[in-house]
Enquirer: 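Just passing along the structure, written as structure tokens.
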Amino acid sequence: MLKVYYWDKCPHCRKTIEFLKARNIPFVAYDIEKQSPDVIQKIIDVNGGDDWVVPTLEYKNQWRAGEVFDASKLTSQLKQWGLI
């Protein structure tokens with residue numbers, strides 16, 4: 001299952017979640033502020049080791065670091081993962 005780590009104040013997170021819903025791509029959303037320290041550390045590591053950045057996605061232990069919403073880049077990543 002695709003995992004989306006998000007922050008409720010993040011506009012790029014909202015756009016990513018809306019994008020996934022509009023395409024009926026199943027996912028589970030995790031509020032970054034409610035995660036355990038080990039999960040937060042993994043998100044920090046995936047994003048270069050300075051701080052957590054969202055939306056960060058994980059699918060079958062493959063990670064996509066957080067970045068500005070871009071539908072074409074997200075589509076490309078989801079295709080690589082076989083979700084589209």
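Residue numbers count from 1 along this sequence. Small disclaimer: the values here were computed from a predicted structure and weren't measured. The basis for the numbers below is simple: all heavy atoms, side chains too, and nothing from hydrogens, waters or symmetry mates.
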Enquirer: Take Ile32 and Tyr6 through the side chain to side chain contact (heavy atoms under 4.5 Å, CB included) test and state the conclusion after the steps.
Expert: CA-CA 6 Å; Ile32 191 69; Tyr6 74 95; over 6 Å; no
Enquirer: With sequence neighbours excluded, tell me which residues meet side chain to side chain contact (heavy atoms under 4.5 Å, CB included) with Ser36.
Expert: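 Partners of Ser36 under the side chain to side chain contact (heavy atoms under 4.5 Å, CB included) test: Asp38, Val39.
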Enquirer: For Gln80, check side chain to side chain donor-acceptor pair (under 3.5 Å) against everything at least two apart and list the hits.
Expert: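 Checked Gln80 against side chain to side chain donor-acceptor pair (under 3.5 Å); zero matches.
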Enquirer: Under a 4.5 Å cut-off applied to non-hydrogen side-chain atoms, are Trp52 and Gln35 in contact?
Expert: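 No, every pair of side-chain atoms sits at 4.5 Å or beyond.
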Enquirer: Within the 4.5 Å heavy-atom criterion, are Leu20 and Val4 side-chain neighbours or not?
Expert: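 A side-chain contact under 4.5 Å exists here.
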Enquirer: With sequence neighbours left out, what residues match Asp45 under side chain to side chain donor-acceptor pair (under 3.5 Å)?
Expert: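 Asp45: side chain to side chain donor-acceptor pair (under 3.5 Å) contacts with Gln41.
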Enquirer: Nearest 0.5 Å, what's the CD-CH2 distance between Gln62 and Trp81?
Expert: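 Rounded to the nearest 0.5 Å, the CD-CH2 separation comes to 6.5 Å.
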Enquirer: Just how far is it from atom CZ of Arg23 to atom CG of Leu83, taken to the nearest 0.5 Å?
Expert: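 Between atom CZ of Arg23 and atom CG of Leu83 there are 13.0 Å.
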Enquirer: Nearest 0.5 Å, please: how far is CH2 in Trp7 from CZ in Arg14?
Expert: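 If we round to the nearest 0.5 Å, Arg14:CZ and Trp7:CH2 are 9.5 Å apart.
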Enquirer: Would you please test Phe19 and Leu74 for side chain to side chain contact (heavy atoms under 4.5 Å, CB included) and show each step?
Expert: CA-CA 9 Å; Phe19 178 93; Leu74 182 55; 3.4 Å; yes
Enquirer: Under the side chain to side chain contact (heavy atoms under 4.5 Å, CB included) rule, collect the residues that match up with Val28, sequence neighbours excluded.
Expert: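 Listed in chain order: Met1, Tyr30.
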Enquirer: Sequence neighbours excluded, which residues qualify as salt bridge (Lys or Arg N to Asp or Glu O under 4.0 Å) partners of Glu33?
Expert: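 Here no residue qualifies.
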Enquirer: Ignoring hydrogens, what is the shortest heavy-atom contact between Ala65 and Asn47? Give both atom names and the distance.
Expert: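 Where Ala65 meets Asn47 most closely, the heavy atoms are CB-OD1, 3.2 Å.
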Enquirer: If you compare all heavy atoms of Pro55 against all heavy atoms of Cys13, which two are closest, and at what distance to 0.1 Å?
Expert: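 Looking at all heavy atoms of both residues, the closest pair is N-SG, 3.6 Å.
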Enquirer: Just how far is it from atom CG of Leu57 to atom CG of Leu2, taken to the nearest 0.5 Å?
Expert: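 Atom-to-atom, Leu57:CG and Leu2:CG are 5.0 Å apart.
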Enquirer: About how many Å separate CD of Gln77 and CH2 of Trp63, when rounded to the nearest 0.5 Å?
Expert: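 Result: 12.5 Å between the selected atoms.
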Enquirer: Please list, chain by chain and in numerical order, all residues satisfying side chain to side chain contact (heavy atoms under 4.5 Å, CB included) with Asp51, sequence neighbours excluded.
Expert: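 Asp51 satisfies side chain to side chain contact (heavy atoms under 4.5 Å, CB included) with no residue once adjacent residues are dropped.
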Enquirer: Whether the side chain of Ser76 engages the backbone of Ser72 through a donor-acceptor N/O pair (distance < 3.5 Å, no angle test) should be reported.
Expert: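 Judged by distance alone, no pair lies under 3.5 Å.
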Enquirer: With rounding to the nearest 0.5 Å, note down the distance linking CD1 in Ile84 to CD1 in Ile25.
Expert: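 The distance works out to 4.0 Å.
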Enquirer: Once side chain to side chain donor-acceptor pair (under 3.5 Å) is applied, do any residues pair with Thr16, and if so which ones, sequence neighbours excluded?
Expert: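 Side chain to side chain donor-acceptor pair (under 3.5 Å) list for Thr16, sorted by chain: empty.
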Enquirer: Any pair with a residue in residues 60-84 that passes salt bridge (charged side-chain N to carboxylate O under 4.0 Å, His left out), sequence neighbours left out, goes on the list, sorted by first then second residue, please.
Expert: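 Applying salt bridge (charged side-chain N to carboxylate O under 4.0 Å, His left out) to every pair that reaches into residues 60-84, excluding sequence neighbours, yields Arg64-Glu67.
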Enquirer: For Lys15, check side chain to side chain contact (heavy atoms under 4.5 Å, CB included) against everything at least two apart and list the hits.
Expert: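 Residues passing side chain to side chain contact (heavy atoms under 4.5 Å, CB included) with Lys15: Phe69.
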